[in-house]
Amino acid sequence: MRAIKEARKFIERQPDDANARTLSRLVLALESEASFPITDLYLLDADKFKLAMEILDEWRLDRHYASKVRLFDISMQLAVLDPGKTAQARPGHPAN
């Protein structure tokens with residue numbers, strides 16, 4: 001579960017980064033089984049795109065792993081603390 005832990009740490013360290021916001025929204029979509037625009041993954045830089053693919057792989061393997069819960073928690077905190085920025089987090093997209 002290395003990718004899940006790495007994503008959590010990245011989001012905690014750089015919550016205003018567009019890549020962190022995209023990864024956070026991906027996690028929220030996975031946890032809630034909601035839709036996520038796959039094209040947003042292509043907007044990630046190469047390293048974070050690879051991380052997103054690893055998250056997807058790990059998520060499939062173990063949906064109830066404890067690290068995932070912590071990653072979901074920090075992603076939810078980010079969404080609650082700053083919903084305006086979370087909504088506009090997709091690079092290249094105007095704010096709602």
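What you see is a predicted model; the values in this text were computed from it and never measured.
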Q.
For a quick test of reading the model, state the closest non-hydrogen atom pair linking Ala7 to Leu71 and the distance between them.
A. C-CD1, 3.9 Å
Q. Can you find a pair of side-chain heavy atoms, one from Val27 and one from Trp59, that are under 4.5 Å apart?
A. yes
Donor-acceptor pairs under 3.5 angstrom involving side-chain atoms of residues 44-51: please list them, not counting sequence neighbours.
from	atom 1	to	atom 2	distance (Å)
Asp45	OD1	Asp47	N	3.2
Asp45	OD1	Lys48	N	2.8
Asp45	OD2	Asn19	ND2	3.0

(Q) Between Tyr42 and Phe36, is there shared hydrophobic-cluster membership here, with clusters defined by ILVMFWY side-chain heavy atoms closer than 4.5 Å? (A) yes
Q. If you round to the nearest 0.5 Å, how far is CG of Leu30 from OG of Ser75?
A. 10.0 Å
Q) Atom CZ of Phe72 and atom OG of Ser32: how far apart are they, to the nearest 0.5 Å? A) 7.0 Å
(Q) Any side-chain to backbone donor/acceptor pair from Glu12 onto Ile74? Under 3.5 Å, distance only. (A) no
Q | Closest approach of Ala29 to Ser35 (non-hydrogen atoms, all atoms of both residues) | A | CB-O, 3.9 Å
Q) Charged N to carboxylate O under 4.0 angstrom, Arg21 versus Asp16? A) yes
**Q.** Contact check, side chains of Arg8 and Ile4, non-hydrogen atoms, under 4.5 Å
**A.** no
Q: Could you pull out the closest heavy-atom pair between Ile11 and Ala20, with the gap in Å?
A: CG1-O, 3.7 Å
(Q) Would a single hydrophobic cluster contain both Val80 and Leu26, if residues Ile, Leu, Val, Met, Phe, Trp and Tyr are joined by side-chain heavy-atom contacts under 4.5 Å? (A) yes
Q.
Counting only heavy atoms not in Ile38 (residues, nucleotides, ligands), do more than 12 fall under 6.0 Å from its CD1?
A. no
Q: Please examine the side chains of Glu31 and Met76, heavy atoms only from C-beta on, and report whether any two atoms are closer than 4.5 Å.
A: no
(Q) Please check this pair: side chain of Glu58 against backbone of Arg2, looking for a donor-acceptor N/O pair closer than 3.5 Å. (A) yes
Q. Considering all heavy atoms of both residues, which atom of Leu23 and which atom of Ala52 are nearest to each other, and what is their separation?
A. CD2-CB, 3.8 Å
Q. Counting N and O atoms only, with roles assigned by atom type, does the side chain of Thr22 sit under 3.5 Å from a partner on the main chain of Ala18, one being a donor and the other an acceptor?
A. yes
